[in-house]
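Chain naming here is simple, since letters A, B, ... match the order of the sequence lines and numbering starts at 1 in each. Just so it is clear, the values below take in all heavy atoms, side chains as well, and ignore hydrogens, waters and symmetry mates.
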There are 2 protein chains.
Amino acid sequence: MIDKHLLKLRARDDISADEEAAIRSALGETIMLPADHTFISPGTLLEHSTLVLDGIVCRYKDLSNGQRQITELHVAGDFADLHSFTLQYLDHSVMTLTPCRIVRMPHKALTAITEQYPHLTRVYWFSTNLDAAIHREWELSLGRRSAIQRIAHLFCEMQLRLSIVGLASERHFDLPVTQAVLAECLGLTPVHVNRVLKELRETGLLEFRSGRVTILDLRALRNMADFDPTYLYLERKRPR
Amino acid sequence: MIDKHLLKLRARDDISADEEAAIRSALGETIMLPADHTFISPGTLLEHSTLVLDGIVCRYKDLSNGQRQITELHVAGDFADLHSFTLQYLDHSVMTLTPCRIVRMPHKALTAITEQYPHLTRVYWFSTNLDAAIHREWELSLGRRSAIQRIAHLFCEMQLRLSIVGLASERHFDLPVTQAVLAECLGLTPVHVNRVLKELRETGLLEFRSGRVTILDLRALRNMADFDPTYLYLERKRPR
DNA sequence: CGTCGGTTTGACTGCGTTCAACTTAGGTGG
DNA sequence: CCACCTAAGTTGAACGCAGTCAAACCGACG
């Protein structure tokens with residue numbers, strides 16, 4: 001059930017059997033959520049964090065004029081709001097983009113983990129820092145990359161993140177979101193996303209149709225996007 | 001010496017005398033760094049984190065074509081790279097923008113803190129999550145705000161963050177950086193930053209001259225920027 | 001007084017937006 | 001089974017914000 005979560009954690013650090021057991025016993029019941037459902041709003045006091053078992057979830061912030069910026073996408077195995085453990089309330093919303101299966105971890109259980117499992121605490125701290133690293137990379141995209149580079153980069157990121165949890169190959173993965181959602185991730189308009197997707201298709205780099213991505217030339221795509229996976233911290237510089 | 005750091009922490013949570021002592025005893029010697037000095041590069045294994053005592057520091061990421069995006073500004077009282085404790089190496093660079101006084105905290109000392117001070121551990125975890133919240137707000141700026149809103153927003157943020165550590169009033173604060181640095185924060189060109197600063201000056205909102213900011217109308221500035229300080233987590237929703 | 005980094009201004013360009021119309025795909029009910 | 005509806009995707013034309021390029025200005029400092 002939480003195998004994808006463990007795959008994600010173990011891609012970055014060792015998790016002992018004891019720690020795995022501690023994680024399992026900290027989780028509550030599994031919940032299904034419909035698509036397009038905002039389940040966390042800014043400022044609400046939170047008492048548990050949300051682990052995504054299946055589906056796509058996003059964090060987003062609104063501007064008063066109705067514009068929206070998605071700040072991160074979450075896939076199976078990710079905590080969507082582990083940071084709410086220390087923050088207590090969030091500065092952003094969290095919503096499902098597809099139907100999702102989630103499971104909750106009470107903050108009380110996380111407090112117990114911080115008191116009994118220092119290493120696992122650091123693993124989860126790491127996990128929120130990984131989210132921050134993704135935020136930084138998106139800042140770079142939003143601030144400095146062209147539209148075509150931004151789109152290419154997002155697909156590179158999702159391909160790699162999904163492959164860690166066994167949901168992507170080098171050529172294919174599902175990303176069942178609309179072009180409008182991509183636009184909200186990338187700081188673009190849906191119309192322009194559409195035009196750029198056409199360009200990517202016509203130059204033989206990538207196809208995106210009805211939520212399915214086909215990467216035609218991964219090397220060229222990464223090159224065009226200036227994709228450097230360092231920020232996903234998949235390289236272990238030394239064994240712990 | 002670390003009074004600004006304590007001011008920052010205590011603006012968000014209670015820090016006991018024991019915890020304050022633990023922080024003090026974890027710190028190494030004070031170091032002076034010149035301006036425009038990159039002291040952390042991506043991928044380098046790090047064994048201590050850097051607390052800024054004085055001056056302005058930034059995190060930045062480079063694109064292969066030489067373009068640069070600053071992802072966060074750090075002021076006195078901030079750790080510039082507390083996240084390196086769990087990440088071990090960083091995905092970005094860290095540099096001084098002014099001459100800086102810094103002090104280092106060995107990661108070994110932080111490990112000891114995580115093993116002996118669960119609450120202080122959560123405080124520092126919170127601190128890295130606050131950095132992530134700032135990243136998200138910058139994503140919103142870079143993705144959806146106009147140039148004039150972005151600039152106004154950055155000044156609103158710095159005014160509030162600096163006021164917490166006693167370095168800003170409602171009308172004045174020092175931000176001794178060039179317009180080119182602002183451009184690198186905001187995803188704009190220096191030329192356009194210059195034009196927008198002129199516009200802010202002429203509409204009587206704000207003046208920025210030789211590193212000194214004069215806010216002429218804070219309410220109007222915040223309104224124009226759509227500034228909502230929630231993301232700086234200065235509101236304590238319940239006493240701990 | 002000359003140099004250099006930083007700021008300012010002008011003219012022109014272009015990437016991405018805006019607005020609007022049309023197409024396509026999927027789902028629903030007669 | 002098909003008419004209808006709606007959300008999503010596609011395309012075209014015109015616009016505008018910010019970029020680009022280049023030159024002039026300014027102040028600090030040798």
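- Between A/D78 and A/R161 there is a salt bridge, with a side-chain nitrogen of the basic residue lying less than 4.0 Å from a carboxylate oxygen of the acidic one.
- Taking the six-membered ring where tryptophan is involved, the planes of B/F173 and B/F155 are tilted, since the angle between them lies from 30° to 60°.
- No donor-acceptor contact under 3.5 angstrom links the side chains of B/H92 and A/E137, judged on distance only.
- Using a cutoff of 4.0 Å between basic side-chain nitrogens and carboxylate oxygens, B/D91 and A/R136 are scored as salt-bridged.
- A/E199 and A/R195 are not joined by a salt bridge, as no carboxylate oxygen comes within less than 4.0 angstrom of a charged side-chain nitrogen.
- Within 4.0 Å (heavy atoms only), A/G211 reaches no atom of the nucleic acid at all.
- First and last contacting nucleotides of DNA chain D toward chain B (any atom under 4.0 angstrom from a heavy atom, 5' to 3' order): D/dA18 to D/dC21.
- For B/Q159 against B/A168, the heavy-atom pair with the smallest separation is O-CB, 3.5 Å.
- A heavy-atom distance below 4.0 Å to DNA chain C is reached by these residues of residues 146-154 of chain A, ordered by number: A/S146, A/A147.
- Between the CZ atom of A/R144 and the C1' atom of C/dC15 there is a distance of 15 Å, rounded to whole Å.
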Quiz item: A/E157 and A/Y231: side-chain hydrogen bond (donor to acceptor under 3.5 Å, both in side chains), yes or no, with the steps?
Solution: CA-CA 10 Å; A/E157 173 180 320; A/Y231 76 101; 2.7 Å; yes
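- Look at B/D81 and B/R59 and you find no salt bridge, because none of the NZ, NE, NH1 or NH2 atoms lies under 4.0 Å from a carboxylate O.
- A donor-acceptor pair shorter than 3.5 Å cannot be found between the side chains of B/T230 and A/Y89.
- Note: B/H5 and B/F79 meet the aromatic proximity criterion, with ring centroids under 6.0 Å apart.
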Quiz item: When every nucleotide of nucleotides 7-14 of chain C is labelled 5' to 3' by its protein contacts under 4.0 Å (heavy atoms), B for base, S for sugar-phosphate only, - for none, what sequence of letters results?
Solution: SBBBB---
